[in-house]
Amino acid sequence: MKPEAYLFAGVAAFFLVTDAVYIWLAREPAGAAALAVSFAMSSVIAFFCAVNHRRKGGRPEDRPDGEIAERAGRLDFFPPHSTHPAVTAVGMTLMSLGVVFGLWLFLIGLGVTGGGIFGMVFQYTDVEA
């Protein structure tokens, strides 16, 4: 994750310099805001990669002598049959349409999205009554 952290830190620095020059030359708020958001998003990704590198250490693909067999094995757990991502997507769609058609549809979408996210978070918790 260290090379990725450096890459996105460079991208963030580029957006920061570009934003400063744009503000100075153009004096237009929409472009300045877009460049500022681009700087913020790339900074968040750089921070995430740096923290993961610090927490987990180097990966085999980051070393010149790393072998493919070092990454073999199970990656993670992926739920096989879950309807919660589809419910969350429908809720987000309703929220987006609610911005156009009215607050009532946005609130329905907010409830559906909340239910989908709640289901994804607590789908595999063991609750014994």
Side-chain angles (χ1 to χ4, degrees):
M1 289 290 202
K2 195 173 190 178
E4 289 91 347
Y6 285 141
L7 174 73
F8 280 102
V11 171
F14 169 76
F15 280 128
L16 181 65
V17 170
T18 305
D19 192 23
V21 171
Y22 189 84
I23 289 171
W24 186 45
L25 294 177
R27 302 195 192 287
E28 191 262 327
L35 286 169
V37 168
S38 300
F39 164 71
M41 288 190 301
S42 55
S43 297
V44 166
I45 295 171
F47 178 74
F48 171 77
C49 292
V51 167
N52 269 342
H53 174 71
R54 216 172 283 153
R55 186 179 301 156
K56 297 179 182 178
R59 300 175 300 182
E61 54 263 26
D62 292 338
R63 296 191 323 261
D65 62 336
E67 295 290 328
I68 295 174
E70 293 181 58
R71 276 298 230 187
R74 184 175 173 175
L75 294 177
D76 208 348
F77 172 73
F78 300 102
H81 304 290
S82 177
T83 58
H84 299 295
V87 170
T88 305
V90 168
M92 290 301 296
T93 303
L94 289 174
M95 284 174 63
S96 300
L97 289 173
V99 171
V100 175
F101 293 113
L103 180 64
W104 63 274
L105 190 58
F106 180 84
L107 293 175
I108 291 172
L110 188 67
V112 172
T113 303
I117 292 172
F118 185 82
M120 280 193 284
V121 168
F122 294 109
Q123 183 174 9
Y124 291 101
T125 57
D126 288 331
V127 178
E128 296 180 19

> Taking C-beta and beyond as the side chain, do Val37 and Met41 meet within less than 4.5 Å on heavy atoms?
Replying inline: yes
> Just how far is it from atom CZ of Phe48 to atom CD of Glu4, taken to the nearest 0.5 Å?
Replying inline: 10.5 Å
> Mind checking whether Leu105 and Val90 sit in one hydrophobic cluster, side chains of I, L, V, M, F, W, Y counted as touching below 4.5 Å?
Replying inline: yes
>> Do Leu97 and Ile108 sit in one hydrophobic cluster, given that two such residues count as connected whenever their side-chain heavy atoms are within less than 4.5 Å of each other, even indirectly?
In response: yes
>> side-chain contact (heavy atoms from CB on, under 4.5 Å) for Asp19 and Phe39? Distances and angles first, verdict last.
In response: CA-CA 8 Å; Asp19 192 23; Phe39 164 71; 5.9 Å; no
>> Grouping I, L, V, M, F, W and Y whenever their side-chain heavy atoms are under 4.5 Å apart, do Val112 and Phe101 come out in a common cluster?
In response: yes
> Which atom names give the shortest non-hydrogen contact between Lys2 and His53, and what distance separates them?
Replying inline: CD-NE2, 3.7 Å
>> Which heavy atom of Phe15 sits nearest to which heavy atom of Ser42, and what is that distance?
In response: CD1-OG, 4.0 Å
>> What's the separation between atom CG in Leu16 and atom OG in Ser43, rounded to the nearest 0.5 Å?
In response: 8.0 Å
>> Is there a continuous path of hydrophobic side-chain contacts, each under 4.5 Å between heavy atoms, that joins Leu35 to Phe14?
In response: yes
> About how many Å separate CD1 of Ile117 and NE2 of His84, when rounded to the nearest 0.5 Å?
Replying inline: 12.0 Å
> If you take all heavy atoms of Met120 and Pro85, which pair is closest and at what distance?
Replying inline: SD-CG, 4.0 Å
> Do you know the tightest heavy-atom contact between Ala32 and Ile23?
Replying inline: CB-CG1, 3.6 Å
> Going by heavy atoms in the side chains, are Glu28 and Tyr22 under 4.5 Å from each other?
Replying inline: yes
> Out of curiosity, does Met95 fall in the hydrophobic cluster containing Val100 (side-chain heavy atoms, cut-off under 4.5 Å, transitive links)?
Replying inline: no
> Counting N and O atoms only, with roles assigned by atom type, does the side chain of Thr113 sit under 3.5 Å from a partner on the main chain of Leu110, one being a donor and the other an acceptor?
Replying inline: no
